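Reviewing the structure listed below.
Note that the structure is a prediction, hence the values are computed from the model and not measured. Lettering of chains follows the sequences in order, A, B, ..., and the numbering in each one begins at 1.
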Amino acid sequence: MPYWIIDINHEVVIRENVKRDEMWLWTIDDKGERLVLVDGSFKPFVHIEPSSDAQLENFVEGLKRELVGLLDDVRIVEKRKLGRPVKVVEVVFKDSDAKEKGLERLSDFRGVSNVYNSDIRPSLLYFITRDLKPSTWIDAKIIGSLKISNVPYEVREIRDPRVVEVRDPPSLREMYVLAFAFRKIGTPNPDEDPIAFIAVAVDNNEPFIIDGDNDKEIIDQLIKLVAKIDPDLVVGWETNRWVFDYLGRRAKVNKIRLALGRNGDEPRAGVYGHVSLVGRIHIDLRDIAEGIAELKMKTLEEMAIHHGIWSGESIDLIDLNDMWFANERESVKKYALKLVDVLRRLWKLYFDYTVHLSSLVGYPMDYVLKASPGHRVDGYIVYHSMKLNELIPRKIESPYEKYKGAIVFTPHPGLHSNVAVLDFASMYPHIIAKYNVSPDTLMRSDEESEAYVAPEVKHRFRVSPDGLYKSAILKLLEARKQIKKRIKELPEGPERTALEAQERAIKVVANAMYGYMGWVSSRWYMKEVAEAITAWGRNTIITAAELASKRFGLKVIYGDTDSLFVEYRGEVINKLIEAIEDELGMEIKLETVYKRILFTEAKKRYAGLTINNELDLTGFEAVRGDWCDYAKRVQERVLSVLLNTGDVNYAINVAKEMLELFKSGNFTIKDVTIWKSLDKPLAEYKARAPHVSIALQLSKKGWRFKVGDKIGYVVMKGQGPIYERAVFYADADKSMIDIDYYITNQIIPVILRVLEPVGVTEDQLMVKSTKGGLDQFF
DNA sequence: GCGAGGTAATTACCT
DNA sequence: ACAGGTAATTACCTCGCG
């Protein structure tokens with residue numbers, strides 16, 4: 001009977017007067033039955049590497065004496081440390097409490113050189129030692145049944161779980177939750193402001209509102225509803241950031257228990273800010289929004305717009321708050337119902353992806369979404385190294401050391417026609433695989449064997465055997481290749497969508513591998529390894545650029561890291577691609593062809609019109625979140641006209657027309673709002689910036705800001721620095737807006753940025769506009 | 001005291 | 001808390017000048 005793992009939690013319990021560690025696996029079997037599988041066989045353990053002068057047998061005896069009363073077993077085992085065999089002592093404790101005590105005793109024990117595994121969470125250690133992955137199907141030996149108080153399911157005691165065949169996840173009971181609290185002025189405060197209502201959707205049923213005379217009733221109803229529906233999956237928005245914390249504090253005020261877990265537990269604050277509900281998967285969709293770079297404003301509405309599933313007007317939280325107090329409560333609730341439906345539709349787009357990311361990385365679905373790219377790679381590598389019998393170093397932060405990264409070519413400014421973009425496919429991963437770049441293959445200076453030598457930096461890597469990183473990345477690259485092949489063979493449909501999601505999950509981990517190697521907190525951090533990869537990368541792109549220009553006479557217009565922008569001349573491009581692949585042994589692809597492309601003198605900025613008539617904007621203000629909408633729109637339109645027609649005067653006229661419209665007051669407050677992030681706590685700012693100064697003012701009025709929040713401001717008429725004239729966008733009075741500021745500091749600069757390379761000067765924007773403007777073009 | 005010119009602080013982007 | 005490379009604005013400092 002296969003079981004699909006929903007959630008896992010680790011408990012230390014006393015059963016029949018014996019204390020033991022238990023792993024509770026919350027599962028669904030293939031008949032849709034919910035079951036808890038309890039494995040009581042897990043004993044926490046560490047690996048201890050004795051210092052080189054220690055006598056192994058004596059050392060073991062010493063350990064036994066030191067840890068008397070805490071041990072289950074002590075034995076010498078063969079492991080590998082950076083590929084070389086080593087003998088270490090496996091110390092198995094009776095239970096996790098004993099482990100805590102034991103580690104304390106060991107902290108000053110003589111002869112210990114290294115302790116391994118002590119910083120890996122028990123549930124993860126359990127999973128990796130048994131080669132289990134969450135969000136997969138498993139099988140196990142049933143050895144009996146147990147009771148867990150408050151758990152309404154059958155609980156089976158198991159041994160020897162193992163992964164069974166890969167297939168689709170079972171159908172899950174889903175609950176979507178949006179909680180609302182309001183406050184007349186400022187951020188709602190859980191000690192004073194009640195939960196106003198909660199919008200809920202269950203599975204695919206009609207959304208509804210949980211309402212009540214006070215929030216004790218509301219929270220009570222929520223608890224009862226969760227108990228009744230008993231969802232496997234709870235999806236919310238900002239639930240990790242504040243909602244569950246807020247609900248918890250309101251529950252406390254109302255003297256009720258926020259029993260939302262499957263065992264009746266309250267939400268638990270987990271690692272890295274994740275809130276877990278025992279036995280359920282809790283997804284905060286905001287965590288996914290965080291990873292979407294194109295999404296400037298991390299709101300549910302913006303995310304829905306990004307995915308093309310939003311219709312109608314968005315109402316921002318401040319307006320919603322005002323509506324609530326203006327007694328337009330029914331409209332607020334109606335809007336909330338729409339939001340909860342959108343939440344559900346968005347989650348469906350990410351379900352497959354999250355399942356695959358979870359089973360690839362080895363973290364439960366909710367935790368893997370919250371985990372940073374670095375921790376996702378860490379999860380993947382930890383599993384992989386366990387399979388290779390490698391010791392898993394503890395995470396320690398090494399001192400920061402700067403090293404050289406990628407190369408960016410200086411662009412040829414101006415308007416170009418017919419430009420091809422060539423991209424090396426997964427350049428860094430392929431460099432790692434090709435040159436066996438890894439901490440366990442790096443050669444010491446006195447070592448002699450066949451080696452790959454990195455250019456410039458001259459670090460050497462053994463040709464064989466395959467290193468930790470090479471084998472890890474090859475698995476990903478090969479899996480991805482297979483999936484891509486299958487995708488090509490499939491028609492559009494759910495099967496293909498799921499494969500695409502799997503491919504995305506693999507890509508996310510593969511792309512972060514290089515970064516992980518240069519991360520000072522990574523378990524296998526080694527500067528030389530990261531440095532060698534970028535050195536080979538620079539060498540690769542420079543060689544390719546030389547082939548293009550010297551052998552094929554193709555002008556290289558620009559290039560960044562793993563891409564080359566070259567003149568597009570028919571078959572010559574194919575010959576170039578062949579030559580590059582031949583001589584460098586790396587795959588390079590024709591990514592895009594631009595009919596026209598504009599470069600300024602700046603790197604990392606260009607605008608192109610593809611042969612499919614798509615406008616690609618890169619780096620410019622128009623794609624940045626910290627310029628006002630009006631200026632961004634002007635820049636985009638000017639570029640669109642310039643690239644579509646190639647007519648500079650036309651572009652000038654469009655610019656002037658939009659400038660005139662602006663001068664005559666044809667804009668809204670939102671058009672001129674500038675949004676900037678607070679990247680650190682307010683107290684830590686050294687410089688006076690407009691958004692910081694506004695956040696400080698608002699703090700005094702009862703607003704609370706978290707790191708990462710965005711502050712919108714508008715610049716008003718008057719004297720002095722901008723930070724003195726900036727006003728919170730919601731408090732702005734349109735008649736006081738400093739139109740001149742916006743013209744000289746926002747609109748004119750973004751126009752000139754893209755028109756100066758084609759010879760336009762500021763004076764040409766100043767004379768009144770004539771004919772041939774915007775209307776004619778659009 | 002004032003303006004020119006440089007620089008630190010800050011944010012957000014690219015690959 | 002994945003990496004380095006880059007552009008750009010604003011506040012603020014230094015310096016020369018009167």
Side-chain angles (χ1 to χ4, degrees), chain A residues 271-273 291 293-296 370-381 395 397-398 400-411 421 423-429 508-525 527 529-535 537-538 541 558-565 591 600-606 616-628 631 674-680 684-693 707-708 710-711 713 715 720-726 741 744-746 749-750 752-753:
Chain A
V271 267
Y272 305 113
E294 304 87 71
L295 205 61
K296 310 298 173 191
K370 187 82 201 170
S372 68
H375 288 104
R376 290 173 184 173
V377 173
D378 193 63
Y380 176 74
I381 305 255
K395 279 185 214 165
E397 189 166 340
S398 310
Y400 175 76
E401 309 164 272
K402 204 170 168 53
Y403 67 89
K404 237 170 135 183
I407 194 165
V408 188
F409 296 139
T410 305
V421 184
D423 258 320
F424 279 99
S426 303
M427 185 199 242
Y428 287 173
V508 159
V509 176
N511 283 351
M513 288 248 326
Y514 149 71
Y516 179 80
M517 302 180 186
W519 180 30
V520 290
S521 296
S522 109
R523 293 179 196 271
W524 288 273
Y525 168 75
K527 189 190 92 166
V529 171
E531 198 176 35
I533 294 166
T534 56
R538 293 191 297 275
I541 198 73
Y558 178 64
D560 184 348
T561 313
D562 58 359
S563 66
L564 281 183
F565 292 60
E591 197 63 41
T600 71
E601 289 189 349
K603 298 172 174 180
K604 300 197 182 276
R605 293 187 157 206
Y606 54 86
D616 271 356
L617 302 183
T618 308
F620 284 121
E621 287 79 2
V623 297
R624 291 180 64 99
D626 58 349
W627 285 74
C628 79
I674 297 164
W675 293 90
K676 280 205 159 74
S677 295
L678 289 172
D679 280 1
K680 53 188 167 195
E684 284 172 27
Y685 279 92
K686 288 184 220 159
R688 277 186 277 193
H691 66 302
V692 179
S693 121
V707 169
K710 278 201 158 63
I711 311 285
Y713 66 88
V715 178
I722 296 158
Y723 68 82
E724 282 177 7
R725 295 190 280 134
Y741 167 83
T744 48
N745 294 51
Q746 291 265 320
V750 305
L752 287 178
R753 188 105 53 229

Query - From B/dC14, C/dC2, B/dT15, nucleotide with atom closest to A/Trp519 side chain - result: C/dC2
Query raised in the report: Is A/Tyr428 close to A/Met513 at the side-chain level, that is, under 4.5 Å between some pair of heavy atoms?
Result: no
Requested in this report: Measure from OH on A/Tyr606 to P on B/dC13 and round the result to the nearest Å.
Outcome: 15 Å
Report summary line: Rounded to whole Å, the NZ-P distance (A/Lys395 to C/dC2) equals 10 Å
Requested in this report: Using atom types as modelled and distance alone, determine if a side-chain donor or acceptor of A/Glu621 lies under 3.5 Å from a backbone N or O of A/Ala631.
Outcome: no
Query - Whole-Å gap separating C1' (C/dG4) and CE (A/Met427) - result: 14 Å
Query raised in the report: How close or far is atom P of C/dA3 from atom OH of A/Tyr525, stated in whole angstroms?
Result: 10 Å
Query raised in the report: Could you state the OH-P distance from A/Tyr685 to C/dC12, rounded to the nearest angstrom?
Result: 15 Å
Query raised in the report: Hey, does the side chain of A/Thr618 come within less than 4.0 Å of B/dC13's phosphate (OP1/OP2), counting only N and O?
Result: no
Requested in this report: Nearest whole angstrom, please: distance from the C1' of C/dG4 to the CE of A/Met517.
Outcome: 15 Å
Query raised in the report: What is the distance from CD of A/Glu401 to P of C/dG4, rounded to the nearest Å?
Result: 11 Å
Query raised in the report: So what does A/Ser521 hit on the nucleic acid, given a heavy-atom distance under 4.0 Å: a base, only sugar-phosphate, or nothing?
Result: nothing
Report task. Determine the interplanar angle of the A/Trp524 and A/Tyr516 rings, folded into 0 to 90°, and report it as parallel if under 30°, tilted if 30 to 60°, perpendicular if over 60°. Result -> tilted
Query raised in the report: Is A/Lys680 touching bases, backbone alone, or none of the nucleic acid, heavy atoms closer than 4.0 Å?
Result: sugar-phosphate
Query raised in the report: Just checking A/Ser522: base, sugar-phosphate only, or nothing, at a heavy-atom cut-off of under 4.0 Å?
Result: nothing
Query raised in the report: Is any side-chain heavy atom of A/Ile541 less than 4.5 Å from a side-chain heavy atom of A/Phe409?
Result: yes
Query raised in the report: Within the structure shown, what part of the strands sits under 4.0 Å from A/Val520 by heavy-atom distance: base, sugar-phosphate, or nothing?
Result: nothing
Query raised in the report: Is there side-chain contact between A/Val520 and A/Glu397, with at least one heavy-atom pair below 4.5 Å?
Result: yes
Query - Touch class at under 4.0 angstrom, heavy-atom based, for A/Tyr400 against every strand present - result: sugar-phosphate
Query - Sub-4.5 Å side-chain heavy-atom contact between A/Trp675 and A/His691 - result: no
Report summary line: From CZ of A/Arg538 across to P of C/dG4 the rounded distance in Å is 12 Å
Report task. Considering only NZ, NE, NH1 and NH2 on the basic side and carboxylate oxygens on the acidic side, decide whether A/Lys603 and A/Asp560 come within less than 4.0 Å. Result -> no
Pick out the pairs of N or O atoms, protein on one side and nucleotides 5-10 of chain C on the other, that lie under 3.5 Å.
unit_1	atom_1	unit_2	atom_2	d
C/dG5	OP1	A/Gly405	N	3.0
C/dG5	OP2	A/Lys402	NZ	3.4
C/dT6	OP1	A/Lys603	NZ	2.9
C/dA7	OP1	A/Lys603	N	3.4
C/dA8	OP1	A/Arg605	NH1	3.2
C/dA8	O3'	A/Arg753	NH2	3.2
C/dT9	OP1	A/Arg753	NH2	3.1
C/dT10	OP1	A/Tyr741	OH	2.7
C/dT10	OP2	A/Asn745	ND2	3.2

